[in-house]
Amino acid sequence: MCGIDLFFKKKEVVEMEVTFPKGFYFGSATSAPQSEGAHGIEHKAPDIWDLWFEQEPYKFHGQVGPQDASTFFEHFESDIDLLRETGQNSFRTSISWSRLLPDPEGEPNPEAVEFYRAAFTRMREVGVEPFVNLFHFDMPASLQERGGWESREVVALYERYAQTAFTLFGDIVKRWYTFNEPIVHVECGYLQQYHYPCKVDPKASVQVAYHTALASALAIRDFHEIVPDGKIGIVLNLTPAYPRSDNPADLKAAHIAELFANKSFLDPAVKGVYDPELIGIIREHGLMPHVEADDLAVIREHTVDYLGVNYYQPLRVCARASLPNPEAPFMPTYYYDVYEMPGRRMNPYRGWEIYPKALYDIAINIRDNYGNIEWIVSENGMGVEGEEAYRGPDGTIQDDYRIDFIKEHLTWLSRGIAEGSRCIGYHLWTFIDCWSWLNAYKNRYGLVELDLDTQERRIKKSGRWYRELAQNNGF
Ligand code: BGP
């Protein structure tokens with residue numbers, strides 16, 4: 001058995017026929033900063049990834065920066081043809097704020113307007129429903145200098161950007177998202193130093209989280225006026241928190257982990273309110289954000305029409321083994337330890353556990369605790385390093401491990417749907433191998449291989465299989 005096959009040594013699901021409801025969305029997801037390229041100043045103003053790469057290129061795998069993203073800006077027409085060739089009826093990408101509005105207070109960049117209109121129109125022409133997200137970790141650098149999400153002024157400018165995008169593209173794009181994985185720019189940018197501005201500042205992290213939830217609600221309010229026949233959601237990375245055991249201390253640890261990791265954005269986005277227990281903890285640690293009059297009414301009244309769920313890995317936790325240092329900067333792990341369950345299946349390249357059943361648990365959680373709101377798997381996928389080792393005699397990458405990964409997740413998802421959860425589709429991360437933040441091109445996720453030297457695209461075995469999956473509405 002070789003490396004990648006080991007992922008599947010313990011399949012959890014026996015092969016069975018799996019089918020999805022008629023009209024199910026089969027597609028994939030990417031983001032503007034990870035796929036467009038054309039980062040030169042003649043095309044767009046710098047965002048924080050351009051800025052950070054300029055400052056500390058050695059932090060990026062192979063010192064490859066965002067300017068080397070996979071040239072969708074240049075090749076969008078033939079890339080959209082490949083969407084059809086791989087059977088996709090829908091596709092998520094994002095708009096780059098700093099491309100559309102290089103001056104966040106100025107007029108839209110005509111080149112960007114032309115590009116996005118052409119790309120979204122072309123998708124529609126070939127029968128691919130565009131799902132468009134407004135913010136995928138890419139704060140304009142000029143706004144980061146003005147405080148980023150810590151600043152109320154940036155919330156107002158995000159609302160202006162959202163209104164601009166809805167007005168410019170709302171006639172051709174009917175499915176929108178306000179944010180991708182907002183907890184990530186909170187945690188990685190303000191606690192863990194994996195995103196710019198690389199701060200360790202718990203108080204700022206709470207303000208950033210709160211401003212993000214508020215900005216999302218403001219955009220939803222405006223969307224419903226500007227595009228009344230569309231739907232808008234938010235993409236959340238849900239990582240169900242599983243306790244090590246039924247011991248009350250482990251259960252409590254998992255309960256608190258769930259508050260921070262999932263409910264912190266899920267509750268305001270879907271229910272319009274924050275969980276009082278989470279607020280109690282934030283208050284106890286002296287981290288309450290600055291809130292202005294009417295904010296909470298905006299959050300309460302403008303909830304999402306549907307939900308995007310990114311799922312990669314579960315969160316396993318246990319009671320802390322030692323008391324936290326009360327003087328250390330506050331982290332949610334004040335209340336729990338991350339638990340490394342013996343025997344868990346790992347994707348060693350990304351360091352993430354593979355646990356497909358969580359998709360079923362998410363489906364049931366949404367059904368039972370979030371009003372059975374309509375939702376879609378907006379990301380799920382497997383990043384593998386060194387895929388060229390799997391190139392077959394005809395030159396195609398034989399990524400059977402990816403096919404197995406998708407099958408297992410879809411099997412559990414279909415059970416959730418059979419039990420009444422309203423999931424409308426599955427978007428794989430990702431379409432064409434793309435640039436992945438600090439990991440750059442280390443791990444490849446695509447249905448389509450990208451040759452970094454020539455920019456040539458080649459459909460992998462999984463891409464051909466995906467087409468059959470979509471044609472058969474199952475496997
Ligand atoms: C998600 C992000 C994506 C993508 C993906 C894979 O959290 O929304 O942008 O990058 O994870 O993760 P990575 O690229 O870090 O391997």
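Just so you know, ligand 1 is whichever comes first in the structure, and atom 1 is the first atom listed for that ligand.
The atoms of ligand 1 that sit less than 4.0 Å from any heavy atom of S436 are 13 (P), 14 (O). Ligand-side atoms of ligand 1 in range of Y312: 1 (C), 5 (C), 6 (C), 11 (O), range being under 4.0 angstrom from any heavy atom. Numbered from 1 in the order shown, with element, the atoms of ligand 1 that lie under 4.0 Å from a heavy atom of Y445 read 6 (C), 12 (O), 13 (P), 16 (O). Using a 4.0 Å cut-off to heavy atoms of H136, the atoms of ligand 1 that qualify are 2 (C), 3 (C), 8 (O), 9 (O). Annotation for ligand 1: atoms under 4.0 Å from non-hydrogen atoms of R350 are 13 (P), 15 (O), 16 (O).
Counting heavy-atom neighbours within 6.0 Å of E340 CD, excluding the residue itself, gives a total of 12 or less. Residue-environment remark: CD (Q193) exceeds the threshold of 12 foreign heavy atoms within 6.0 Å.
Under 4.0 Å is where a charged nitrogen must lie from a carboxylate oxygen, and between D399 and K461 no such pair does.
A distance-only check finds a donor-acceptor pair linking the side chain of T86 to the backbone of L82 [under 3.5 Å].
Scanning all protein heavy atoms for the shortest distance to atom 7 (O) of ligand 1 gives E181 OE1, 2.6 Å.
The N/O atoms of E379, backbone and side chain alike, include one that comes under 3.5 Å of an N/O atom in ligand 1.
At least one heavy atom of N180 sits less than 4.0 Å from an atom of ligand 1. Using a 4.0 angstrom heavy-atom cutoff, W352 counts as in contact with ligand 1.
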Could you go through F24 and F26, starting from their C-alpha distance and side-chain angles, then the distance that decides it, and tell me whether this counts as ring-ring contact (aromatic ring centres under 6.0 Å, His included)? CA-CA 6 Å; F24 199 70; F26 283 107; 5.1 Å; yes
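In this structure, Y242 has its ring center under 6.0 Å from that of Y355.
Side-chain contact annotation: W412 with E408, donor-acceptor N/O pair under 3.5 Å absent.
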